[in-house]
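These notes concern the structure reproduced below.
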Amino acid sequence: MLANKTAVVTGSTSGIGLAIAKAMAREGANIVINGFGDAGAIEKERSGIEREFGVKCVYSGADMTKPDEISAMIADAEKEFGAVDVLVNNAGIQHVSPIDEFPVEKWDQIIAINLSSSFHTIRAALPGMKRKGWGRIINTASAHALVASPFKSAYVAAKHGIAGLTKTVALEVAQQKITVNAICPGYVWTPLVEAQIPDTMKARNMTEEQVKRDVLLAAQPTKEFVTVDQVAAMAIFLCSNAASSITGTMLQMDGGWTAQ
Ligand code: NAD
């Protein structure tokens with residue numbers, strides 16, 4: 001479905017982004033992966049995507065807190081592949097703390113990575129999509145784009161910001177065959193979630209199982225984690241012609257969390 005197209009997926013060295021990058025490659029897209037991590041492990045993923053799916057895959061180490069690096073990543077992708085047809089804004093980090101103890105630099109970092117980077121990527125990629133008369137922008141938001149949880153002020157603020165950005169850009173390009181949507185997962189089993197477990201076990205004096213069931217999945221009625229492959233499948237659907245009337249939406253994949 002995505003043969004001769006190019007997808008840039010931010011934050012795709014791990015978790016949801018990596019699953020989306022692989023799913024897009026499976027559909028025939030050339031891929032730009034991005035994110036941090038061990039250089040050898042990233043190269044293994046990059047070359048693995050090329051080998052497994054027969055597409056081209058390049059790695060950009062652009063730091064999503066740095067606007068210049070972000071615009072260079074999009075420009076390099078356009079130079080390498082001719083266009084950016086699909087842009088997936090997925091990079092994100094978390095920090096959990098009461099707001100009066102929230103480190104100022106963590107607030108700034110979360111707003112930069114989880115919100116402002118999407119402004120910079122969209123700003124850079126949209127002119128190319130308009131020229132081609134086709135594009136798909138998919139933002140990995142969160143249930144936290146729609147509802148809040150305590151101690152996650154920066155994350156919730158950034159994700160609510162992504163909801164507003166998604167709707168605004170969708171309206172701006174509504175007549176140019178470019179759709180802009182946000183996927184809003186509940187808890188997905190990824191390294192980002194796994195990393196929250198030890199601190200929560202300590203803070204609440206709980207076992208790992210208790211943290212999973214009574215804290216992480218407390219608000220998720222299905223009591224099951226969303227999988228990265230389910231999120232990737234939604235991203236693929238949004239790229240299809242069948243989804244061309246879906247724009248400006250927040251697509252909840254949260255096991256019923258936000259129905260409550
Ligand atoms: P993850 O930690 O597995 O992956 C995050 C990715 O972002 C990694 O590739 C990392 O290297 C990259 N990244 C971090 N800082 C960066 C920076 N400054 N520049 C470039 N890349 C950077 O996390 P994940 O769970 O796969 O999360 C991916 C997205 O999904 C995030 O936006 C997150 O908020 C969102 N999300 C996750 C869940 C969940 O339960 N895991 C739920 C809802 C939404």
Side-chain angles (χ1 to χ4, degrees), residues 8-23 31-39 41-42 45-46 59-74 87-96 105-106 108-118 120-121 138-149 152 154-163 165-166 182-197 200 211-212 215-220 222 224-232 234-235 250-255 257-258:
V8 174
V9 186
T10 72
S12 49
T13 53
S14 160
I16 295 170
L18 183 57
I20 292 176
K22 286 183 177 171
I31 304 290
V32 177
I33 54 168
N34 158 259
F36 299 151
D38 172 72
I42 293 172
E45 292 292 356
R46 190 205 64 77
Y59 167 65
S60 162
D63 181 341
M64 291 299 115
T65 65
K66 305 218 164 89
D68 291 352
E69 293 187 19
I70 295 171
S71 36
M73 174 183 73
I74 299 295
L87 169 64
V88 183
N89 290 308
N90 172 81
I93 60 165
Q94 175 64 284
H95 185 79
V96 181
E105 61 279 8
K106 273 287 169 203
D108 288 343
Q109 202 186 8
I110 289 175
I111 298 299
I113 297 170
N114 296 19
L115 175 58
S116 301
S117 73
S118 300
H120 296 295
T121 54
I138 300 165
N139 301 319
T140 309
S142 165
H144 282 126
L146 302 163
V147 295
S149 298
K152 296 184 175 177
Y155 188 88
V156 172
K159 295 296 185 182
H160 274 65
I162 283 292
L165 181 68
T166 301
I183 300 177
C184 299
Y187 278 101
V188 187
W189 188 249
T190 69
L192 183 141
V193 168
E194 208 174 342
Q196 294 175 45
I197 289 180
T200 316
V211 168
K212 284 184 185 168
V215 181
L216 296 180
L217 297 178
Q220 204 148 297
T222 52
E224 283 177 16
F225 286 97
V226 181
T227 70
V228 294
D229 290 336
Q230 289 167 348
V231 179
M234 178 63 88
M250 310 296 115
L251 291 160
Q252 291 122 294
M253 300 186 71
D254 61 10
W257 176 350
T258 53

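Ligands are counted one by one from 1 in listed order, and the atoms in each one are counted from 1 as well.
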**Prompt:** For S142 and ligand 1, does the shortest N/O to N/O distance drop below 3.5 Å?
**Reply:** no
**Donor-acceptor under 3.5 Å (N34 side chain, G11 main chain)** = yes
**Request:** Among all protein heavy atoms, pick out the one at the shortest distance from atom 25 (O) of ligand 1; state its residue, atom name and that distance to 0.1 Å.
**Result:** T190 OG1, 2.5 Å
**Asked** How far is atom 11 (O) of ligand 1 from its nearest protein heavy atom, and which residue and atom name does that atom have?
**Response** F36 N, 2.8 Å
**Asked** Has W189 got any heavy atom lying under 4.0 angstrom from an atom of ligand 1?
**Response** no
**Asked** Does an N or O anywhere in T13 fall below 3.5 Å from an N or O of ligand 1?
**Response** yes
**Asked** Backbone or side chain, does any N or O of P185 fall under 3.5 Å from an N or O of ligand 1?
**Response** no
**Fill in**
Only residue of T190, L251, V231 satisfying side chain to side chain contact (heavy atoms under 4.5 Å, CB included) with P185 is V231
**Prompt:** Can you tell me which residue and heavy atom of the protein come closest to atom 37 (C) of ligand 1, and the distance to 0.1 Å?
**Reply:** I16 CD1, 3.6 Å
**Item:** A141 touching ligand 1 at heavy-atom level, < 4.0 angstrom
**Value:** yes
**Asked** With only distance considered, is Y187 within less than 3.5 Å of ligand 1 through an N or O on each side?
**Response** no
**Request:** Please verify whether a non-hydrogen atom of A143 lies at under 4.0 Å from ligand 1.
**Result:** no
**Request:** Could you say whether the N/O atoms of V188 and ligand 1 ever approach to under 3.5 Å?
**Result:** yes
**Nearest neighbour in protein (non-hydrogen) for atom 23 (O) of ligand 1** = L192 CB, 3.3 Å
**Prompt:** Do the rings of Y187 and H144 sit parallel, tilted or perpendicular, given the 30° and 60° boundaries?
**Reply:** perpendicular
